[in-house]
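Everything below concerns the one structure shown next.
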Amino acid sequence: MPKLAVPVSGKGSLLDAMISQKLPIALVIADRECRGVEIAISAGIDTVVLPRVFGETFDRDKYTLEVVDVLQRHKITLIAMAGYLTVLAPVFFEHFANRILNIHPSLLPAFKGEHAVKDALEAGVKITGTTIHIATEHLDAGLIIAQEAVRVLKGDDVDTLHERIKVVERRLYPEVIKHLLTPLPPE
Ligand code: GRF
């Protein structure tokens with residue numbers, strides 16, 4: 001049985017949806033104290049917070065090795081990033097190649113990066129959405145597994161649009177992960 005870890009940094013509403021969908025989450029890992037951590041703890045999931053330093057003294061390579069170590073000690077085999085905000089060093093993607101999923105609030109390859117929803121609004125697109133993909137060391141790149149479109153409505157701001165995207169994400173991400181965790185029937 002694959003062992004699933006979910007890295008979080010923020011509100012944890014996708015994590016909450018995964019828990020509601022009864023995904024077998026073995027570990028939640030966070031780079032800061034956040035609502036996601038509270039959700040994980042109250043669901044009784046093993047939770048590790050590795051607080052990161054913000055600013056120039058941040059040693060990305062060292063921090064990444066600490067993250068890899070925690071995941072290895074928990075024998076994690078599949079990682080589903082859910083709003084995790086630290087960009088990890090390439091060694092993370094080497095250790096878990098093709099076993100890291102990410103979800104991004106745009107229709108990739110459009111609007112990569114931290115401000116995907118704002119950038120989509122500013123570009124004036126009428127349709128944006130969400131993408132689930134294999135994460136690689138290149139930000140918001142990697143094989144696309146699933147996408148779903150979300151209409152931009154008149155009067156939308158970043159919060160209203162992002163929340164409508166997240167409504168889709170909270171259904172789609174658990175569905176895709178469940179699918180990936182389901183073993184193929186024997187021949
Ligand atoms: C989601 O919109 C996801 O696409 C992005 O971060 C957000 C996480 O939301 N990568 P939450 O913290 O789970 O509410």
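Start at 1 and go down the list; that is how both ligands and their atoms are numbered.
Between Leu14 and ligand 1, at least one N/O pair is under 3.5 Å apart. Here's the thing with Thr130: none of its N/O atoms is less than 3.5 angstrom from an N/O atom of ligand 1.
Not a single donor-acceptor pair under 3.5 Å links the side chain of Gln21 to the backbone N or O of Glu175. With hydrogens and angles ignored, the 3.5 Å screen pairs no side-chain donor or acceptor of Arg170 with any backbone N or O of Ser13.
Ligand 1 lies nowhere less than 4.0 angstrom from a heavy atom belonging to Met81. Ligand 1 lies less than 4.0 angstrom from a heavy atom belonging to Ile103.
Considering only residues two or more places apart in sequence or on other chains, Asp156 meets the salt bridge (charged side-chain N to carboxylate O under 4.0 Å, His left out) condition with Arg164. Remark: Tyr63 engages Phe58 in a ring pair (Phe, Tyr, Trp, His ring centres under 6.0 Å) (not counting sequence neighbours).
The nearest protein atom to atom 12 (O) of ligand 1, hydrogens excluded, is given as Gly12 N, 3.0 Å; this is a heavy-atom distance. Shortest contact from atom 1 (C) of ligand 1 to any protein heavy atom: Glu169 OE1, 3.1 Å. The protein atom (non-hydrogen) at minimum distance from atom 9 (O) of ligand 1 is Lys166 NZ, 3.2 Å. Scanning the protein heavy atoms around atom 6 (O) of ligand 1, the nearest turns out to be Gly83 CA, 3.4 Å.
Of the residues listed (Thr131, Leu121, Asp140, Val125), the one engaging Phe111 in a side-chain contact (heavy atoms from CB on, under 4.5 Å) is Val125, and it is the only one.
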Arg35 vs Glu38, salt bridge (charged side-chain N to carboxylate O under 4.0 Å, His left out): CA-CA, chis, key distance, verdict: CA-CA 5 Å; Arg35 177 80 189 116; Glu38 292 168 11; 2.9 Å; yes
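In summary, the atoms of ligand 1 found under 4.0 Å from a heavy atom of His162, numbered by their order in the structure, are 1 (C), 2 (O). Each of the atoms 12 (O), 14 (O) of ligand 1 lies under 4.0 Å from some heavy atom of Lys11.
Side chains of Leu71 and His95 form no contact here, defined as non-hydrogen atoms less than 4.5 Å apart.
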